[in-house]
Amino acid sequence: MNLCDVRFVKKLMAKYGTGTKKGFGQNFLINPSVPEGIAEESYSYHKSKCDNKKCGVLEIGPGIGSLTNELCGCYDTVLAIEIDKTLIPILDETLSEHNNVTVINDDFLKLDLNELISKYFDGSSISVCANLPYYITTPIIMKLLESARDENGKSKLCSITVMVQKEVASRLCANETDKDYGAITASINYYGRVTHLFDVGPENFLPAPKVTSSVIRIELYDEPIYKTKSEKMLFKVIEGAFAQRRKTMVNSLSSVITNIPKSRIGEIIEKLGFDINIRGERLSIKDFCALADEFYGEIN
Ligand code: SAM
């Protein structure tokens, strides 16, 4: 069974009376070296960080199972969440030789991630690996980062290796001063370190998307490196700093932090040693944590 052979894939889908659905962001991999490469990147990093433990992986959107199949060959336990119910009987067939995989038919964004983790991965170290549906890349990544944490804020995930649009990858991997640096970059930098792994051209998918894709890995910190007194304030400050990109940060922040006068926001920015006209894209996550703590102290 070659899950990347176009003729085979089309036949399989016809057999089950289904086809690829644009609305679910379905672009299936048809070059076997790509799912192999993604699984290899995910597992080799996971193993280097979490040895001597059972290894589990969560996949969002298995499609017809080409990446899932590779993950089953590496990890001890695989949990795959697929929204499209017409793909479930196909996955039953394509994954039938593996006894370490569970497929759930549901919308990942509606599921309780911590419940899934305790039910399916008890005692395992866990990574996430997926070719993400591009229409919900950011909500999926933010859900993984924000909610998979224990009561002390420690991450329950080791790493997230995912394929996203190249343009999104550039934003996620940007450094301060890059034009692509934005709220999502700073937010992700709070939770972990992002690395660009490789690009994948449109010809590797069925149907071919219009854009190039990139595989990235987020290596999650056990706990945030830069601490903050209030995560709520931190994310409000990050959002505020990029709310109006053409404006200076004082002006942009004052549209979101409404309970501190604009003049005081300016004083705090200068007190921390920044130029009054600084823009959000110049600030690292360390700077944002310092700023958020000052604002938090001002209000509380
Ligand atoms: N992993 C397969 C591959 O690489 O060939 C398919 C990847 S395709 C880009 C994205 C997959 O995510 C599709 O199978 C789609 O049905 C599924 N999907 C879309 N939205 C989803 C959601 N909210 N929850 C779970 N799966 C979703």
Side-chain angles (χ1 to χ4, degrees), residues 1-6 8-10 12-13 16 18-42 57-75 78-95 98 101-113 115-116 120 127-144 147 160-169 197-216:
M1 191 182 324
N2 181 354
L3 295 178
C4 289
D5 179 276
V6 177
F8 179 81
V9 175
K10 285 186 175 165
L12 186 67
M13 296 195 88
Y16 286 94
T18 190
T20 52
K21 298 185 186 67
K22 210 175 165 189
F24 285 147
Q26 291 179 357
N27 299 96
F28 298 148
L29 285 165
I30 49 163
N31 174 350
S33 69
V34 181
E36 265 170 43
I38 300 173
E40 163 61 24
E41 284 288 355
S42 169
V57 67
L58 168 67
E59 184 188 10
I60 298 132
I64 62 160
S66 57
L67 176 58
T68 329
N69 204 38
E70 296 298 328
L71 294 171
C72 287
C74 309
Y75 284 90
V78 180
L79 175 63
I81 316 289
E82 175 53 61
I83 197 170
D84 182 355
K85 68 175 187 307
T86 69
L87 296 178
I88 304 303
I90 297 185
L91 287 164
D92 282 345
E93 179 176 331
T94 59
L95 301 174
H98 300 289
V101 58
T102 306
V103 176
I104 294 178
N105 177 213
D106 216 325
D107 177 346
F108 174 71
L109 292 178
K110 294 198 176 136
L111 291 172
D112 182 325
L113 188 51
E115 258 176 33
L116 284 182
Y120 294 96
S127 279
V128 173
C129 185
N131 170 12
L132 290 180
Y134 294 166
Y135 72 109
I136 44 170
T137 301
T138 305
I140 289 178
I141 293 179
M142 289 318 291
K143 175 170 173 151
L144 290 167
S147 56
I160 300 173
T161 303
V162 281
M163 177 125 68
V164 300
Q165 286 181 30
K166 187 176 169 121
E167 184 201 330
V168 175
L197 298 173
F198 55 89
D199 288 342
V200 181
E203 68 283 3
N204 294 286
F205 298 86
L206 176 78
K210 289 200 174 70
V211 293
T212 297
S213 304
S214 300
V215 179
I216 57 145

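Given the structure is predicted, the values throughout are model-derived calculations rather than measurements. When a residue number appears, it is its place in the shown sequence, counting from 1. In listed order, ligands and their atoms are each counted from 1.
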Enquirer: Can you tell which part of P62 has a heavy atom less than 4.0 Å from ligand 1: side chain, backbone, both or neither?
Expert: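 Only the backbone of P62 comes within reach of ligand 1.
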
Enquirer: Taking all non-hydrogen atoms of both residues into account, name the closest pair between I60 and A130 and its distance.
Expert: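 So the minimum-distance heavy-atom pair works out to O-CB, 3.5 Å.
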
Enquirer: Looking only at protein heavy atoms, which one is nearest to atom 8 (S) of ligand 1, and what is the separation?
Expert: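 Going by distance alone, atom 8 (S) of ligand 1 is nearest to G25 O, 3.5 Å.
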
Enquirer: Please identify which atoms of ligand 1 are closer than 4.0 Å to at least one heavy atom of I81.
Expert: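 Reading through ligand 1 atom by atom, the close ones are 25 (C), 26 (N).
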
Enquirer: Under the criterion side-chain contact (heavy atoms from CB on, under 4.5 Å), which of L3, V57, I38, V78 is the partner of L67?
Expert: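 Of all the options given, the one that passes is I38.
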
Enquirer: With distance as the sole criterion, is a donor-acceptor pair present between the side chains of T212 and D199 under 3.5 Å?
Expert: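 No pair is found: no donor N or O on one side chain lies under 3.5 Å from an acceptor on the other.
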
Enquirer: At under 4.0 Å between heavy atoms, is it the side chain or the backbone of T68 that contacts ligand 1, or both, or neither?
Expert: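 It is neither part, as no heavy atom is under 4.0 Å.
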
Enquirer: Which residue supplies the protein heavy atom nearest to atom 5 (O) of ligand 1, what is that atom called, and how far is it?
Expert: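 For this ligand atom, the closest protein heavy atom is L29 N, 2.9 Å.
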
Enquirer: Looking at atom 23 (N) of ligand 1, what's its closest protein heavy atom, distance included?
Expert: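 It is D107 OD1, 2.8 Å.
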
Enquirer: Return the set of residues passing side chain to side chain donor-acceptor pair (under 3.5 Å) with Y120 (not counting sequence neighbours), or none when no residue passes.
Expert: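 Residues passing side chain to side chain donor-acceptor pair (under 3.5 Å) with Y120: none at all.
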
Enquirer: If you count the atoms of ligand 1 from 1 in the order shown, which ones are under 4.0 Å from a heavy atom of F108?
Expert: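 Listed by number with element, the hits are 22 (C), 23 (N), 24 (N), 25 (C).
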
Enquirer: Nearest to atom 14 (O) of ligand 1, what protein heavy atom do you find, and at what distance?
Expert: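 The answer is E82 OE1, 2.7 Å.
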
Enquirer: Restricting to salt bridge (Lys or Arg N to Asp or Glu O under 4.0 Å), what partner residues turn up for E41, sequence neighbours left out?
Expert: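 R217.
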
Enquirer: Would you mind running through ligand 1 and noting each atom that sits below 4.0 Å from a heavy atom of Y135?
Expert: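 It comes down to these atoms of ligand 1: 19 (C), 20 (N), 21 (C).
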
Enquirer: Using the side-chain contact (heavy atoms from CB on, under 4.5 Å) rule, pick out the option among I216, L197, V128 that qualifies with T161.
Expert: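 When side-chain contact (heavy atoms from CB on, under 4.5 Å) is applied between T161 and each of I216, L197, V128, only L197 qualifies.
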
Enquirer: Do any nitrogen or oxygen atoms of I64 come within less than 3.5 Å of a nitrogen or oxygen of ligand 1?
Expert: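 Not met; the criterion fails.
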
Enquirer: Please write down residue, atom name and distance for the protein heavy atom closest to atom 3 (C) of ligand 1.
Expert: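 Here the nearest protein heavy atom works out to N131 ND2, 3.5 Å.
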
Enquirer: Take atom CD of E93 as the centre, draw a 6.0 Å sphere, and report whether it contains more than 12 heavy atoms from other residues, nucleotides or ligands.
Expert: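 Atom CD in E93 is packed in, count exceeds 12.
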
Enquirer: Does the side chain to side chain contact (heavy atoms under 4.5 Å, CB included) test come out yes or no for T94 and L12, once each step is laid out?
Expert: CA-CA 10 Å; T94 59; L12 186 67; 3.7 Å; yes

Enquirer: Does ligand 1 come near enough to G61 that some N or O of the ligand is less than 3.5 Å from an N or O of the residue?
Expert: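 Yes - when backbone and side-chain N and O of G61 are compared with those of ligand 1, one distance drops under 3.5 Å.
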
Enquirer: When you compare ligand 1 with D84, is there at least one nitrogen or oxygen pair between them that comes in under 3.5 angstrom?
Expert: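 It does not: no N or O of D84 is found under 3.5 Å from an N or O of ligand 1.
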
Enquirer: How far apart are the closest heavy atoms of Y134 and S213, and which atoms are they?
Expert: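 Of all heavy-atom pairs spanning Y134 and S213, the closest is OH-OG, 2.7 Å.
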
